[in-house]
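Let me begin by presenting the structure, written as C-alpha cells, before commenting on it.
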Amino acid sequence: MTPPPAVLVLEDGKTFHGVAYGALGETFGEMVFATGMTGYQETLTDPSYARQIVAMTAPHIGNTGVNDEDPESGRIHVAGYVVREPARVASSWRATGTLDAALREQGVVGIAAPGTRALTRHLRDKGAMRAGIFSGDAALAPERDLLDKVLASPSMVGADLARDVSTPEPYVVAAHGAKRFTVAAVDLGIKAMTPYRMAERGCEVHVLPATSTAEDILALDPDGVFFSNGPGDPAAADYAVDALRGVLDAGRPFFGICFGNQIFGRALGLGTYKLRFGHRGINQPVRDRTTGKVDISAHNHGFAVDAPTDGTFDTPYGRGEVSHVNLNDGCVEGLRLLDYPAFSVQYHPEAAAGPHDATNLFDRFCELMGGAR
C-alpha cells in the first residue's frame, strides 16, 4: 500500500515532496539537520529539539526500531521528522516496536523524501529557517497556502521553551552506591543520561524545574549546582540567568552544559547569538585550549556564547576565559572562571548517543565539589 503524499515547505519557498512517515497532518518548527549516523531515538526524545523539525543526514533511519532503554525523556520532542529512506523492518534484539509506529502513536508528523542531501546543503547555504510538513489531505492544498502557514509560524529567536519541557515537580535520582555529593540540577530540558552519569559518581541529584529560583536551589544546601541542556533562545530565559547569579553569589561550585553554558555566559555578562545552522550530531571536534586535547563530541544547539577568545576577560566573579573552541567554525564551546569553581561546555558529555571522549567532565565537577568542601 502506497503511503499518502507529503510535502516539506521552507519559509524561503523551497519545497521537497515525498510520502508520509509517522502521523498524518501538519506541523511547524525550525528546520534543522542532525548528522549522527546512529542514536536517532535519543535525538527524537532530546527536549532540546522542542519546536524543531529535524532532518537526518544518515540515509537509512529506523533500522533498529525503538526500545524502552534509549529514550532521553518521557516522549518524543521534535516538532517534525524528515528522513530519506525509512527502514522496512526493525532489526534489533532490543527493539520493542518500530519507529514509524512510535511517531504515529505520539502524533509526530514526518516525511520520507529522497532530497535530504539537497535539503542539508540548502540549510548550510541559507541557514536554519522555519518550515512545515504537510501530509495526507493537508499536502493537497496549494503550495502558496502552505507557505503562508509557514510564514505565520513562530521564530526560534526570542522563544522561551525551557519552562515548557522542564519537569513540573522536583524529583531525585539516587546515588549509585555510597553518596558522596548532593547536586541541585536545574532542568532546562535535561536528558535522562545526565543525572545518571552523576549518580554513577556517587551524586544524589535533585532535579528541579526550570523556573527554580536561587533560593529554591540553595535550600537544598547542595555541594554543587548543575544547569542542563534545553531548547529555545537563552536571551529569553532571564529567570535562569537570575537564578544562576544567585548561585554564583553564594559561592557554590557550578557546572553547565549546552543551554546551561549559554545561561552561564549571560550570567557572566556575555552575550549570545544565533548560529547560521547550528551544530547537531555526534561528530563535532572540540579542542580544550588548556591541554590541547581534541574531543569528538555530541552537540545539539542553535545558539552560542559571544566571548573573547584572546586571553581572559573580566566578570562579576573574577577572571573568565574561553576553555574550549569548535575546530570547525571556531565558536565558543566552553567557559570557566579562574577565581571561582565554575565551568561549562557547549556540548554533551553524557554521550547519549555519542562518543564518550568527554565524560571525564563529570569527574571534574566532582573534583570541584570535593575541593569546595
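Excluded from the calculations below are hydrogen atoms, water molecules and symmetry mates; all remaining heavy atoms, backbone and side chain alike, are included.
- Inspection of the Thr96 and Asn67 side chains reveals no N or O donor paired with an N or O acceptor under 3.5 Å.
- Side-chain atoms of Tyr40 and Thr64 form a donor-acceptor pair, as typed in the model, at a separation below 3.5 Å.
- Under the 4.0 Å criterion applied to side-chain N and carboxylate O atoms, Lys149 and Asp145 are not assigned as salt-bridge partners.
- For the atom pair CD (Gln52) and NE2 (His77), the distance works out to 12.5 Å, reported to the nearest 0.5 Å.
- No side-chain heavy atom of Pro86 sits less than 4.5 Å from a side-chain heavy atom of Ile61.
- Judged by distance alone, the side chain of Ser73 and the main-chain N or O of Thr45 form a donor-acceptor pair under 3.5 Å.
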Could you please spell out the steps behind the side-chain contact (heavy atoms from CB on, under 4.5 Å) verdict for Asn229 and His348?
CA-CA 8 Å; Asn229 61 290; His348 288 253; 3.5 Å; yes
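- The side-chain heavy atoms of Val19 and Pro4, taken from C-beta on, include no pair separated by under 4.5 Å.
- For Asp249, the CG atom counts as densely surrounded, since its 6.0 Å shell holds more than 12 non-hydrogen atoms of other residues, nucleotides or ligands.
- To the nearest 0.5 Å, atom CD of residue Gln106 and atom CG of residue Leu44 are 9.0 Å apart.
- Residues Ile76 and Val109 do not share a hydrophobic cluster, clusters being chains of Ile/Leu/Val/Met/Phe/Trp/Tyr side chains in contact below 4.5 Å.
- Taking all atoms of both residues into account, the shortest heavy-atom contact from Ala210 to Leu188 is CB-CD2, 3.7 Å.
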Can you list, pair by pair, the side-chain donor-acceptor contacts under 3.5 Å of residues 110-124, counting residues two or more places apart and other chains?
from: Thr120; atom 1: OG1; to: Thr116; atom 2: O; distance (Å): 2.9
from: His122; atom 1: NE2; to: Asp12; atom 2: OD2; distance (Å): 2.6

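- Within a 6.0 Å radius of CD in Glu69, more than 12 heavy atoms belonging to other residues, nucleotides or ligands are found.
- Between Val150 and Leu146, the closest side-chain pair of non-hydrogen atoms is not below 4.5 Å.
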Verdict with reasoning, Arg51 to Glu30, per salt bridge (charged side-chain N to carboxylate O under 4.0 Å, His left out)
CA-CA 7 Å; Arg51 205 196 286 176; Glu30 181 183 48; over 6 Å; no
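- Shown here are the ring pair (Phe, Tyr, Trp, His ring centres under 6.0 Å) partners of His176, two or more places apart in sequence or in another chain: Tyr196.
- Applying the side-chain hydrogen bond (donor to acceptor under 3.5 Å, both in side chains) rule to pairs touching residues 80-93 yields nothing, sequence neighbours excluded.
- The shortest non-hydrogen separation linking Ala139 to Ala6 is CB-CA, 4.0 Å.
- Hydrophobic clustering (side-chain heavy atoms under 4.5 Å, transitive across Ile, Leu, Val, Met, Phe, Trp, Tyr) keeps Val207 apart from Val186.
- The closest side-chain donor-acceptor pair between Thr290 and Lys293, if any, does not fall under 3.5 angstrom.
- A donor atom on one side chain and an acceptor atom on the other are found under 3.5 Å apart for Asn283 and Thr35.
- Remark: aromatic rings of Phe227 and Phe259 are distant, center separation not under 6.0 Å.
- Transitive grouping of hydrophobic side chains (ILVMFWY, heavy atoms separated by less than 4.5 Å) keeps Leu220 and Val183 in distinct clusters.
- The nearest pair of heavy atoms linking Gly127 to Phe277 is CA-CB, 4.5 Å.
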Show every donor-acceptor pair shorter than 3.5 Å between a side-chain atom in residues 230-239 and any protein atom, with sequence neighbours excluded, or say none if there are none.
from: Asp233; atom 1: OD1; to: Ala235; atom 2: N; distance (Å): 2.9
from: Asp233; atom 1: OD2; to: Gly158; atom 2: N; distance (Å): 2.8
from: Tyr239; atom 1: OH; to: Asp160; atom 2: OD1; distance (Å): 2.7

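- Between Phe226 and Ile190, some side-chain heavy-atom pair lies under the 4.5 Å cut-off.
- Between Arg289 and Val322, the closest side-chain pair of non-hydrogen atoms falls below 4.5 Å.
- Grouping Ile, Leu, Val, Met, Phe, Trp and Tyr by side-chain contacts under 4.5 Å, direct or through others, leaves Ile282 on its own.
- Side chains of Asn328 and His279: no donor on one and acceptor on the other come within 3.5 Å.
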Derivation and outcome, salt bridge (charged side-chain N to carboxylate O under 4.0 Å, His left out), residues Asp46 and Arg280
CA-CA 11 Å; Asp46 180 352; Arg280 296 172 183 90; over 6 Å; no
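- Using a 4.5 Å heavy-atom threshold, the side chains of Asn300 and Tyr49 count as touching.
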For Phe28 and Arg130, run side-chain contact (heavy atoms from CB on, under 4.5 Å): C-alpha distance rounded to whole Å, both residues' side-chain angles, the deciding distance at 0.1 Å, then the answer.
CA-CA 7 Å; Phe28 305 92; Arg130 291 172 296 172; over 6 Å; no
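- Taking CD of Glu204 as the start and OG1 of Thr182 as the end, the distance is 5.0 Å to the nearest 0.5 Å.
- Residue Ala199 comes nearest to Val205 through the heavy atom pair N-CG2, 4.4 Å, listed as atom of the first residue, atom of the second, then distance.
- Cluster annotation: Tyr21 and Val7 are assigned to distinct hydrophobic clusters (Ile/Leu/Val/Met/Phe/Trp/Tyr, side-chain heavy-atom contacts under 4.5 Å, transitive).
- In this structure the side chain of Val225 never reaches within 4.5 angstrom of the side chain of Pro253, judged on heavy atoms.
- Taken to the nearest 0.5 Å, the CG atom of Leu208 stands 10.5 Å off from the OG atom of Ser228.
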Between Arg319 and Asp339, does a salt bridge (charged side-chain N to carboxylate O under 4.0 Å, His left out) hold up when you go through it step by step?
CA-CA 6 Å; Arg319 297 168 299 154; Asp339 306 310; 2.9 Å; yes
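- Within a 6.0 Å sphere centred on NZ of Lys274, heavy atoms belonging to other residues, nucleotides or ligands number more than 12.
- For the residue pair Gly320 and Leu337, the shortest heavy atom distance occurs at CA-CD2, 4.1 Å.
- Checked against a 6.0 Å centroid threshold, the rings of Tyr273 and Phe303 do not count as neighbours.
- Salt-bridge annotation for Asp100 and Arg104: present, with a side-chain N of the basic residue lying under 4.0 Å from a carboxylate O of the acidic one.
- Under the 4.5 Å side-chain contact rule for hydrophobic residues, Val286 and Ile296 do not share a cluster.
- In this structure, the separation between CG on Leu270 and OG1 on Thr315 is 8.0 Å, given to the nearest 0.5 Å.
- Put simply, the side chain of Pro168 does not reach to within 4.5 Å of the side chain of Pro209, judged on heavy atoms.
- Of the candidates Glu42, Glu72, Glu350, Lys191 forms a side chain to side chain donor-acceptor pair (under 3.5 Å) with just one, namely Glu350.
- Of the options Phe254, Phe343, Tyr340, a ring-ring contact (aromatic ring centres under 6.0 Å, His included) to Phe264 is made by Phe254 and by none of the others.
- The two residues Thr27 and Ala79 come nearest to each other via the heavy atoms OG1-O, 2.6 Å.
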Solution key, residues 358-366 side-chain donor-acceptor pairs under 3.5 Å, sequence neighbours excluded:
from: Thr359; atom 1: OG1; to: His356; atom 2: O; distance (Å): 3.2
from: Asp363; atom 1: OD1; to: Arg201; atom 2: NE; distance (Å): 2.7

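- Remark: Gln346 CD to Asn261 CG distance equals 4.5 Å, nearest 0.5 Å.
- The pair Asp70-Arg94 meets the salt-bridge criterion, with a side-chain N (NZ, NE, NH1 or NH2) lying under 4.0 Å from an Asp/Glu carboxylate O.
- Side-chain atoms of Thr272 and Arg266 form a donor-acceptor pair, as typed in the model, at a separation below 3.5 Å.
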